[in-house]
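Structure record follows, encoded as structure tokens.
Residue numbers count from 1 along this sequence.
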Amino acid sequence: MANNKNLLKFYLIGMLATVIGFCCPMFKGLLGSTRNGFSFIDFNSSGFVSIGAILIFFGALAGVIFSLISVKSLGIIKLLAVIATIAGVVVLIVGFTSNGVYKFIGEALLKNALFGFYLVVAGIILAAVGYATNK
């Protein structure tokens, strides 16, 4: 039983790392400016990039919140949070590769990734592994 609690901590740590990484500088822009995950959310035009960023942040935030409270069907809620976060990554990648301008921006962003980006990626992987190995 103690092993299952440690694996649940992996899930919580992974989701928390995703939320923190989303708020930290993720990409280096022109003239040394930095962009966090909220820079991709544009409420005036809700494109793939905005939808993906919102799914990543709120999926991870829901995972953190539901890890700290006790609910009857907690396993399904945690699974939905991981799926929403991974779906956000997929939508964000599709948004960056579907349009020529976004494709150029996406390639430039990956070359200028900062610690927030790597923290989000590591957090999603850790949360997915923590959930999958909890069975």
Side-chain angles (χ1 to χ4, degrees):
M1 187 70 184
N3 193 18
N4 283 343
K5 290 188 180 197
N6 288 336
L7 294 174
L8 288 175
K9 290 178 188 176
F10 282 143
Y11 176 84
L12 175 63
I13 291 169
M15 286 298 205
L16 192 59
T18 303
V19 170
I20 292 170
F22 194 85
C23 298
C24 291
M26 295 177 73
F27 300 102
K28 183 173 58 172
L30 295 174
L31 303 174
S33 65
T34 56
R35 299 180 67 180
N36 62 8
F38 295 109
S39 301
F40 295 110
I41 301 173
D42 182 17
F43 291 109
N44 295 329
S45 63
S46 59
F48 278 114
V49 176
S50 295
I51 293 169
I54 289 169
L55 279 173
I56 292 169
F57 180 71
F58 285 113
L61 187 62
V64 169
I65 290 170
F66 286 113
S67 290
L68 299 176
I69 62 174
S70 61
V71 180
K72 186 175 183 180
S73 58
L74 190 61
I76 293 173
I77 294 172
K78 286 184 176 183
L79 176 64
L80 290 175
V82 170
I83 289 172
T85 306
I86 293 172
V89 171
V90 170
V91 168
L92 198 62
I93 290 171
V94 167
F96 274 129
T97 58
S98 65
N99 190 346
V101 174
Y102 278 134
K103 186 175 182 180
F104 175 74
I105 292 171
E107 291 172 0
L109 286 177
L110 288 179
K111 291 178 185 175
N112 295 311
L114 295 176
F115 66 94
F117 172 78
Y118 297 114
L119 191 59
V120 167
V121 171
I124 291 171
I125 292 170
L126 187 62
V129 168
Y131 179 80
T133 55
N134 189 30
K135 298 292 178 191

Minimum-distance pair of heavy atoms, taken over all atoms of [X] and [Y]:
X	Y	value
I13	L126	CG2-CD2, 3.8 Å
T85	G59	OG1-C, 3.3 Å
C24	G116	CB-CA, 4.1 Å
A60	T18	CB-CG2, 3.6 Å
F22	N36	O-CB, 3.5 Å

L12 vs V64, side-chain contact (heavy atoms from CB on, under 4.5 Å): CA-CA, chis, key distance, verdict: CA-CA 6 Å; L12 175 63; V64 169; 4.3 Å; yes
For F58, ring pair (Phe, Tyr, Trp, His ring centres under 6.0 Å) partners two or more places apart: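 In terms of ring pair (Phe, Tyr, Trp, His ring centres under 6.0 Å), with neighbours along the sequence ignored, F58 is linked to no residue.
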Residues forming a ring pair (Phe, Tyr, Trp, His ring centres under 6.0 Å) with F66, sequence neighbours excluded: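 Checked F66 against ring pair (Phe, Tyr, Trp, His ring centres under 6.0 Å); zero matches.
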Inter-residue atom distance L16.CG - L68.CG, 0.5 Å rounding: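 Going from the CG atom of L16 to the CG atom of L68 covers 8.5 Å.
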Value rounded to 0.5 Å, distance of CD1 in I41 from CD1 in I54: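 Result: 5.0 Å between the selected atoms.
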F10-Y131 aromatic ring centre distance below 6.0 Å: no
Side chain to side chain contact (heavy atoms under 4.5 Å, CB included) partners of [X], counting only residues at least two apart:
X	value
I83	L79
I125	V121, V129
A127	Y11, M15
I76	L80

